[in-house]
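Accompanying notes for the structure given below.
A, B, ... follow the sequence lines: proteins, then strands. Residue 1 opens every chain.
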4 protein chains.
Amino acid sequence: MNEYSFIKSKRRFVISTKAKTGEKYHRILEAAVSVFAKQGFYQTTISQIAREAGVADGTIYLYFKNKDDILVQFFTYKAKQVFAGFRKEVDKAGNAIDKLRNLVHRHLEEFQKDRNMAVVYQSLTHQHLDIVEDNIREMSKMYLDIVADIVERGQEEGAMRRDLYLGLVKRFILGSVESAINTWLYSKRKYDLVSMTDPLIDLFVRGIGNYEQQ
Amino acid sequence: MNEYSFIKSKRRFVISTKAKTGEKYHRILEAAVSVFAKQGFYQTTISQIAREAGVADGTIYLYFKNKDDILVQFFTYKAKQVFAGFRKEVDKAGNAIDKLRNLVHRHLEEFQKDRNMAVVYQSLTHQHLDIVEDNIREMSKMYLDIVADIVERGQEEGAMRRDLYLGLVKRFILGSVESAINTWLYSKRKYDLVSMTDPLIDLFVRGIGNYEQQ
Amino acid sequence: MNEYSFIKSKRRFVISTKAKTGEKYHRILEAAVSVFAKQGFYQTTISQIAREAGVADGTIYLYFKNKDDILVQFFTYKAKQVFAGFRKEVDKAGNAIDKLRNLVHRHLEEFQKDRNMAVVYQSLTHQHLDIVEDNIREMSKMYLDIVADIVERGQEEGAMRRDLYLGLVKRFILGSVESAINTWLYSKRKYDLVSMTDPLIDLFVRGIGNYEQQ
Amino acid sequence: MNEYSFIKSKRRFVISTKAKTGEKYHRILEAAVSVFAKQGFYQTTISQIAREAGVADGTIYLYFKNKDDILVQFFTYKAKQVFAGFRKEVDKAGNAIDKLRNLVHRHLEEFQKDRNMAVVYQSLTHQHLDIVEDNIREMSKMYLDIVADIVERGQEEGAMRRDLYLGLVKRFILGSVESAINTWLYSKRKYDLVSMTDPLIDLFVRGIGNYEQQ
DNA sequence: AATGAATGAGCGTTCATTCAT
DNA sequence: GATGAATGAACGCTCATTCAT
């Protein structure tokens, strides 16, 4: 359902799809993400978001049910869209290793492209707020499923070991990529995050053990 | 310095080492961590902590400067102590791979032993709160330095590849372990986290690539 | 500068001149002064002021930075304005004695007109609160300077003794007037305070000694 | 009645005369006055008084019913005793003018001798707290009665004008002396307050008018 | 008598949310 | 739709007072 309706004490609000595609809706959402990135969700006030968006406090409630809803919308309309692009990117490659490389590459690329989104996403996925738990779980599952598909295919191709605990491997890969993103987000010198793709893939595939020389 | 003193407008508090070793200090700290784990720092009220600890609201201020200080103490006295034990565990092993195994083993063991601590630690290390940023940075560095030492030693031993980007490897290992911990923390079925040690080490060392069979 | 701005942790307030001339600003200020007069500054709660003003507690913070600021505004915008009128009144008279009479007359008149202001002013000028010390010092100096000018002129006119310790005389006159005001404020029967003008001037000028009859 | 008893929830306290003459009672009272002088009654905490007195917080409640009672005791036992000495001093002089001089001299002397007492007395007599209103009224009356007696005697002696409004004259004299005291209390340079006696008497008796030269 | 840890009522202040304009 | 002044519930924190030791 692309419609979002609810009852409040006296009125019936219907925040329509049309509203969501409006210019102000996006301005407020971007403003919110920008302030959340700087200060965190709970330290951010509606007034700050309004000021950053250049609208009045009350205007925000024409586009969002409440403060929590801004976060929900962030995951529902912004982050989810980014994650939806991952599957397509993976499909472009012909073998498992390349698919994994494409996934990681796109992941790093998108997060580098929108730093505010990256900060908020990384921060909130570790806070386990009831508000957005479902959204995050869904997106996380989407990602892990992609990885699982890739690894299974890699095993069929003979490019990946068959004695892997798939549940662990999925998290291992996601955790490593997120760790690389976090390092980049909070490092002083702003290097190119996307260039981490190959070194990461190399670690995933070959590990740190020295087998070649034996 | 093992003493923690500060000025309040009208009073000079010295929350002594003695107070910190007192029964109530620990009772409040455990209660706080327990509630933080359930609700997060900002959604937790002093009253909730007091109720959980079985003391009056005001009593908390006999042991902690303010709400923020509870978090600071958590990192300064509780989490840091856990991390301090890691180095000792690493020293017990004779070679790099075993050292890495000991580190991961102890890490998983400690976090499994104290679930509340684990939740709060994992949550807060990703929130970048000014309050505890220094503490977290210090503990993180402590951990990453241990890993770096292990990897360098592993390279000298010939057990680990020499063509590794050390900065990335450190984060890669920490990120993977933390990812495994998070998975465990929020999975429905409570399996044994410590048993993840060997599979993780195996992934680190051998990677997911299928080289042996070629 | 007629603007009053300050920083709050998250917001920048500018309580503008416009806000100060607004109806609610004055309503709250009057309510506050009224409650301060009855109970004193420290025994007065924000809730009491809000109730007296017929607004919500939070509304007060739209017009005043904090509780202290209400007091500061009282001195800066209310009391100071009263004192500023004194100089004009003094200028209307042609000789020193009449100037003194005009000063005392206006003083008693203003304080009789606004009893709450009088109580708060008389009470706070003797408490030496850091918050308003500067304001009070300034107003007091304004008053004492007027008296000093009058006395010096009186000496030139030959109407006042030349062997006077000016520093003492200024305080002597101010102290006497304030004493008369206090007596009136707390006497059971409400007589006309302004009618005390001539008896006071008579005491200042002729003293209590019986020289004429000698 | 020199006994002071009351009921509290569970116990009957009797703070006896003996306790009042004890060393600790005075130490606490002096400490309290010292802190009140620096910070004012409402900004002073029991802890501060206890620390200044070198006793535990709870000890204060062995000698005083509550915080308010410290103020009551200050007026009942300390200030009143000072004022009681005034009458004796006045009696030593043979004529009205000298009696007035003795009164003012002793007043300035006592207040100069104990600056903390002076600050607290001057501050609290203008605050009209319910707690001590009766005490202050009584002391004030004692003082004003002395002045009234002196002036009446002066009129009989022919040394003072007969056309005086006695009620005003009393306040005029008290107000002037208190004004001189306040000036001294808050002036930067610490001159000799007692030396103000003769100039003050001169102002009272002869006024500021220039009659001699006419 | 003396202590000081513990209490909890009470206050100042913030800020998400509403609604008259 | 847009505004922003107004609201009041909720929170962190203080401190006078108690009471077990």
Side-chain angles (χ1 to χ4, degrees), chain A residues 8-11 13 19 22 24 42-51 54-70, chain B residues 8-11 19 22-25 42-50 54-70, chain C residues 8-11 19 22-25 42-50 54-70, chain D residues 8-11 13 19 22 24 42-51 54-70:
Chain A
K8 263 295 162 89
S9 53
K10 289 180 173 175
R11 268 213 236 181
F13 287 86
K24 241 169 215 175
Y42 286 105
Q43 291 94 295
T44 295
T45 69
I46 292 289
S47 282
Q48 287 178 307
I49 297 171
R51 200 175 322 124
V55 301
D57 292 19
T59 303
I60 289 178
Y61 290 86
L62 297 175
Y63 296 90
F64 299 88
K65 192 175 23 166
N66 52 34
K67 194 183 167 191
D68 286 0
D69 189 43
I70 302 178
Chain B
K8 264 295 171 71
S9 51
K10 292 181 176 173
R11 222 197 232 255
E23 182 238 353
K24 239 166 218 170
Y25 172 80
Y42 287 107
Q43 292 96 292
T44 296
T45 69
I46 291 290
S47 285
Q48 287 176 311
I49 297 172
V55 300
D57 290 20
T59 303
I60 290 178
Y61 292 89
L62 297 175
Y63 297 90
F64 300 89
K65 198 181 7 174
N66 51 36
K67 195 184 165 192
D68 285 1
D69 189 43
I70 302 179
Chain C
K8 264 294 172 71
S9 50
K10 290 179 177 174
R11 222 198 233 254
E23 183 238 354
K24 240 166 217 170
Y25 172 80
Y42 286 106
Q43 291 97 292
T44 295
T45 68
I46 292 291
S47 286
Q48 287 176 312
I49 297 172
V55 300
D57 290 20
T59 303
I60 290 179
Y61 292 88
L62 297 176
Y63 296 90
F64 299 89
K65 197 179 10 170
N66 51 35
K67 197 185 165 191
D68 285 1
D69 189 42
I70 302 179
Chain D
K8 263 296 165 83
S9 53
K10 288 182 175 174
R11 267 212 237 185
F13 287 85
K24 240 167 216 175
Y42 286 104
Q43 291 95 293
T44 296
T45 68
I46 291 289
S47 282
Q48 287 177 307
I49 298 172
R51 202 175 322 124
V55 300
D57 291 19
T59 303
I60 289 178
Y61 290 85
L62 297 174
Y63 296 90
F64 299 89
K65 192 174 25 165
N66 52 36
K67 195 184 166 190
D68 286 358
D69 189 44
I70 302 179

Tell me the interatomic distance from [X], atom [atom1], to [N], atom [atom2], rounded to whole angstroms.
X	N	atom1	atom2	value
Leu62(A)	dT18(E)	CG	P	12 Å
Asp57(C)	dT13(E)	CG	P	11 Å
Asp69(B)	dG12(F)	CG	P	14 Å
Phe64(C)	dA6(F)	CZ	P	12 Å
Ile60(B)	dG8(E)	CD1	P	13 Å
Gln43(B)	dC15(E)	CD	C1'	15 Å
Tyr61(A)	dA16(E)	OH	C1'	4 Å
Glu23(B)	dA5(E)	CD	P	15 Å

Looking at every non-hydrogen atom in both residues, tell me the closest pair between [X] and [Y] and how far apart they are.
X	Y	result
Ile60(B)	Ala50(B)	CD1-N, 3.7 Å
Gln48(C)	Gln43(C)	OE1-O, 3.5 Å
Thr44(B)	Lys67(B)	O-NZ, 2.7 Å

Does Thr59(C) or Gly58(B) map to a spot on DNA chain E nearer the 5' end, using the closest nucleotide for each?
->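 This one resolves to Gly58(B).
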For Gly54(D) and for Asp68(C), locate the closest nucleotide of DNA chain E by heavy-atom distance; then report the residue assigned to the nucleotide nearer the 5' terminus.
->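 Looking at DNA chain E, the more 5' nearest nucleotide goes with Gly54(D).
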Could you check whether Thr45(C) gets within reach of a base, just the sugar-phosphate, or nothing at all, counting any heavy atom under 4.0 Å?
->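 Result for Thr45(C) = sugar-phosphate.
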Looking for any heavy atom pair under 4.0 Å, which part of the strands does Ile46(B) touch: base, sugar-phosphate only, or nothing?
->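 Contact class for Ile46(B): sugar-phosphate only.
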Should Asp69(A) and Tyr63(A) count as side-chain neighbours, where that means a heavy-atom distance under 4.5 Å?
->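 Asp69(A) does not reach Tyr63(A) side chain to side chain.
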Can you tell me if the side-chain N/O atoms of Lys67(A) get under 4.0 Å from OP1 or OP2 in dC15(E)?
->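 Result: no.
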Sort out the partner of dA9(F) for me: Watson-Crick or G-U wobble, both distances under 3.5 Å, none otherwise.
->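 With both distances under 3.5 Å, dA9(F) matches dT14(E).
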Under a 3.5 Å limit for both distances, which nucleotide forms a Watson-Crick or G-U wobble pair with dC19(F), could you say?
->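 dG4(E) is the nucleotide pairing with dC19(F).
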Could you go step by step and tell me if Val55(D) and Ile49(D) meet the side chain to side chain contact (heavy atoms under 4.5 Å, CB included) rule?
-> CA-CA 9 Å; Val55(D) 300; Ile49(D) 298 172; over 6 Å; no
